[in-house]
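I have placed the structure first, in the form of C-alpha cells, so that the comments after it can refer back to it.
Order of the sequence lines fixes the chain letters, A, B, ..., with proteins taken first and strands second; residue numbering starts at 1 for each chain. What you see is a predicted model; the values in this text were computed from it and never measured. For the numbers below, each heavy atom of this structure counts, side chains included, while hydrogens, waters and symmetry mates do not.
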Amino acid sequence: MRSILVTSALPYANGPIHIGHLVEYLQTDIWVRFQKLRGNRAIYICADDTHGTSITISARAQGCSEEEFIAEMSEAHQRDFAGFDIEFDNYGSTHSQENRAHCTTLWKALRDAGMVVEKEIEQLFDVEAETFLADRFVRGTCPNCNSTNQPGDNCGNCGATYSPAELIDPVSTLSKSRPEIRKAVHLFVQIEQLHDFLEDWTQSGALQTESANYVKNYFLHEPLQDWDISRPGPYFGFEIPDSPGNYWYVWFDAPIGYMASTTQWCQANKESFDDWWRSPDAEIHHFIGKDIQYFHTLFWPAMLKTAGFSLPTKVHIHGFLTFDGEKMSKSKGTFIRASNYLKHLDPAYLRYYYATKLSHKIDDLDLNREEFAARINSDLVGKVVNLASRTAKFVAGTGLSAEYPEDGGLFAEAAAQGDAIAEAYEHCDYSRAMRLIMELADKANPYIEQNAPWELRKDPAKGKQLQDVCSVGLNLFRQLAIYLAPVLPQLAKQSGDLLDAPVVSWDDAKTPLTGTAVNKFKHMMQRVDPKNIEAMIEESREEASTAHRDTDVSPVDSDEALKAEPIAPEITIDDFAKVDLRVARVLAAEDVPDARKLIKLTLGLGGEERRTVFAGIKQAYDDPKQLVGRLVVCVANLAPRKMKFGTSEGMVVASGPGGKEIFLLSPDSGAQPGQRVH
RNA sequence: GGCAGGAUAGCUCAGUGGUAGAGCAGAGGACUCAUAAGCCUUUGGUCGGCGGUUCAAAUCCGCCUCCUGCUACCA
C-alpha cells in the first residue's frame with residue numbers, strides 16, 4: 001500500500017472559483033479518489049492562499065478586515081468545491097498558526113545555509129495608503145520611451161524593464177496619489193546556490209518532459225536570479241521573526257501552506273507529520289497549472305531540499321481552459337463561476353467531460369458546448385446508464401441470478417481490462433481511461449439487444465433466462481460504474497443503491513454480484529439540455545455587465561476593457577498638447593517577414609512629409625495591401641526608435657487588447673493628411 | 001527569431017515497423033425494454049509535403065510547410 005499526499009494549487013482568496021480553476025481540482029480529485037479506490041492511503045490537501053496586498057485592497061473595498069474577508073472567501077471556495085464533489089481531506093489556510101510555524105522552520109534552514117542576503121532597494125511608498133507599492137500597483141511614464149500609463153515593472157510599449165522607482169510621474173493605483181521613493185531593505189534567497197541540484201532534479205522524471213525542457217531552456221541555462229522574498233510592512237502576511245518590520249512575500253508562504261494543511265490533518269487524525277514530509281515511504285504529488293511552474297519546479301524544491309524535507313515525487317502540470325476554442329471571456333459569458341454552473345447543470349457532466357479531455361500533457365483543454373452535450377448524452381446516458389435502465393426493472397422482484405450466467409466472456413473481458421484502465425488513471429491519462437471504459441459499454445449494449453429481455457418477459461417459461469440476461473446486464477453496468485467511480489462518485493453510489501452493494505474497491509469489478517436483490521430503478525442522470533447551457537452563459541454575461549443598466553436605450557458595454565487598463569492619471573491640456581497627432585495616409589504597407597506582429601508602414605502627412613512606422617498589427621491586418629490608401633491617425637512627434645528591422649518614426653494609434661483584436665482609428669471622411677488632431 | 005508541443009475521416013482524437021481505427025456527426029434499415037436511448041449496415045482519409053533507412057513506414061531519420069503556446073520585436 002502506497003502513502004500518497006496529493007495537493008492542488010492553493011486558490012487565491014481574492015476571487016471566486018470558476019470553471020477554469022475546476023480543471024485542476026477535478027483532475028486532482030479524480031486522481032485521489034482513484035488512489036483511494038485502489039486501496040492506497042491517499043490524502044488530498046489544500047488551502048486558501050490568503051496573503052498579499054491584493055487581499056488588503058479587496059478587504060478595504062468591502063469595508064472589512066482582511067481576516068473577515070478571507071474567512072468569507074474560504075467559505076465560498078469550499079462551498080463551490082463541495083458542489084462539484086471535490087473532497088479534500090483537509091482544507092486549510094495560509095493564514096494559520098501552523099503555516100507560520102512551518103515558514104519559520106524553512107526560513108531558518110535558508111538562513112543557516114547562508115542563502116539569505118539583504119539588499120537595499122528603492123521602492124515607491126504610497127503616503128496616503130501608508131504602504132509600499134508592489135509593481136503592479138504603480139503606473140507611470142516609461143523612462144525609456146516616454147509611454148504613459150505603463151505598469152511598474154516593464155514597459156508595455158518598448159519592453160524595457162525597470163524598477164517602479166525609475167518611472168516618470170508615477171501614480172499609485174490605490175490612492176491615485178503620487179508615491180514617494182523610499183529605501184527599504186529586502187531579503188533575497190540566493191537560489192543559484194542550488195543550481196546543480198535543480199538541474200538534476202528537474203530532469204529526474206518528476207516533471208513532464210515538456211515542463212522539464214521549458215525550465216531547462218528558460219531558466220537554468222543561465223544563473224538564477226536572487227529571489228526577493230520579503231516585503232516591508234504594512235503587509236498582510238507573517239512578519240519575519242529575525243527581521244522585524246519585514247514580511248514574507250505571499251509566494252514564500254503559499255506552498256508552505258501544503259505543509260500547514262497537512263499538519264492540521266495529522267493533528268485531527270493522530271498521524272505524524274514527518275511520516276508524510278520527511279519519509280522516503282510517502283509520495284508527494286502536486287497538481288498545478290502551467291502558469292506557476294516556476295515556483296513549483298525551482299523555488300519550492302530548493303526550499304524543501306535546504307530544509308531537509310521530501311522532494312515532490314511528481315509535479316503534474318496541466319494547461320488552461322478555453323471555451324469554444326477561445327479564451328474565457330466575461331463579455332461573452334464564458335467566464336463561468338462554479339456557483340453559476342451549479343445553478344444550471346449537473347456537476348457530473350463537467351467531471352466526465354474534463355475526464356474525456358485530460359491527459360498527462362500540458363496542452364490547453366477546450367470546453368466546446370456542442371461536444372459537451374454530445375459526450376454526456378451519448379456516453380453516459382445513452383450507453384452506461386441505459387444498461388441499468390433497460391434491465392433493472394425486469395429483475396426488481398427476483399434479484400440477480402444465484403450463479404453468474406454464461407455471457408460470452410463479456411464480464412471476464414471487462415474485468416481483465418481493469419489493469420489497463422487503472423494504469424491510464426495512474427498516469428493521469430483520463431481521456432484514455434474514458435475511451436477504454438466506453439469500449440466496454442459499446443460491447444454491453446449489443447448483448448442486451450441480442451438477448452432481448454423484453455421478449456423473454458412475455459414467456460413465463462423463460463423466467464430464468466430473463467433473470468440471467470438482466471443479471472449480466474446489471475453486472476456489466478456495475479463494472480462500468482466502478483471504473484467510472486473516481487470521475488462519477490454519485491453514479492457509483494446510485495449503482496450501489498440499486499444493487500444493494502456499495503462500491504468500495506477497484507477490485508469489486510473483478511467479481512460479479514450474484515443472488516442479491518435489485519431495487520426499484522430510479523433515473524440516475526438527466527440528459528443535457530442545451531437550453532441550460534445557454535441560460536448559464538446568458539447569466540454570466542449579464543453578471544459581467546450589471547454595472548451598466550441605467551438606461552434602456554444605450555447599448556450595454558462590458559467594463560472588461562476598463563478593468564484591464566484603468567484610466568490614466570489626470571493631465572492638463574498642456575500635457576495633451578505635447579502629443580502631436582496627425583491624420584496620415586498609408587502610402588505603402590509591407591509585411592516584415594521575420595516579425596510575427598509587425599507591418600512596415602509608409603505614412604504620408606501631405607506633401608513630401610513621410611514617416612516610416614513599424615506597427616504591431618500584423619495579426620489583425622494580415623494583408624498589408626488592404627491598408628494602402630486608407631487614413632489613419634499617427635503620433636507624429638514621437639522620438640524615433642531603432643528596432644530590429646529598421647527605425648520606427650512614430651506610431652499609428654489603435655485600440656484593442658492585441659492579437660487579432662486590434663482596431664486602427666480612422667478619421668471621418670473629409671479629413672486630410674497632415675491635419676492635426678486636437 | 002528562440003524554445004516547446006502539434007498536423008491521421010466533417011468534428012474530437014486513438015494508433016511508435018507488418019493490409020489505416022474509434023466515438024460523434026452523415027446515409028439506409030430493422031426493432032421498440034430503455035431518458036426520441038439502443039441495435040445492424042454504410043459513406044468518408046495519397047495519415048501536412050519531399051527525400052532517406054527497411055522486405056515492409058502514420059510509426060524510425062533528414063529537410064520543408066502550416067498551426068498552437070511561451071518568449072522577443074510590438075500594441
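- Pair check for B:rU42 finds B:rG26; Watson-Crick or G-U wobble, both atom distances under 3.5 Å.
- Considering all non-hydrogen atoms of both residues, A:Leu665 and A:Ser655 come closest at CD1-N, 4.3 Å.
- Distance CZ (A:Phe372) to P (B:rC11): 22 Å, rounded to an integer number of Å.
- Atom pair A:Asp364:CG and B:rC67:P shows a separation of 18 Å (rounding to whole Å applied).
- Spacing between atom CZ of A:Arg527 and atom P of B:rA37 amounts to 5 Å, rounded to whole angstrom units.
- Closest to the A:Glu449 side chain, of the nucleotides B:rA37, B:rC39, B:rA75, is B:rC39.
- Between A:Lys393 and B:rC33, a side-chain N or O to OP1/OP2 separation shorter than 4.0 Å is absent.
- Among B:rU35, B:rC24, B:rC13, the nucleotide with an atom closest to any side-chain atom of A:His523 is B:rU35.
- OP1 or OP2 of B:rA4 has not a single side-chain nitrogen or oxygen of A:Lys290 nearer than 4.0 Å.
- Remark: P of B:rC13 and CD of A:Glu439 are 17 Å apart, rounded to the nearest angstrom.
- Under the Watson-Crick or G-U wobble criterion, with both distances below 3.5 Å, B:rA14 is left unpaired in every strand shown.
- Straight-line distance from the CG atom of A:Asp442 to the P atom of B:rC39: 7 Å, rounded to whole Å.
- When rounded to the nearest whole Å, the span between CD of A:Gln208 and C1' of B:rG69 equals 15 Å.
- Using cut-offs of 30° and 60° on the angle between ring planes, the pair A:Phe299 and A:Trp227 is parallel.
- The cationic atom of A:Lys290 (NZ for Lys, CZ for Arg) lies less than 6.0 Å from the six-membered ring centre of A:Phe320 and within 45° of the ring axis.
- A:Phe521 does not carry A:Lys393 over the face of its six-membered ring by the limits of under 6.0 Å from the centre and within 45° of the normal.
- Between A:Ser378 and B:rC24 there is a side-chain N or O to OP1 or OP2 distance below 4.0 Å.
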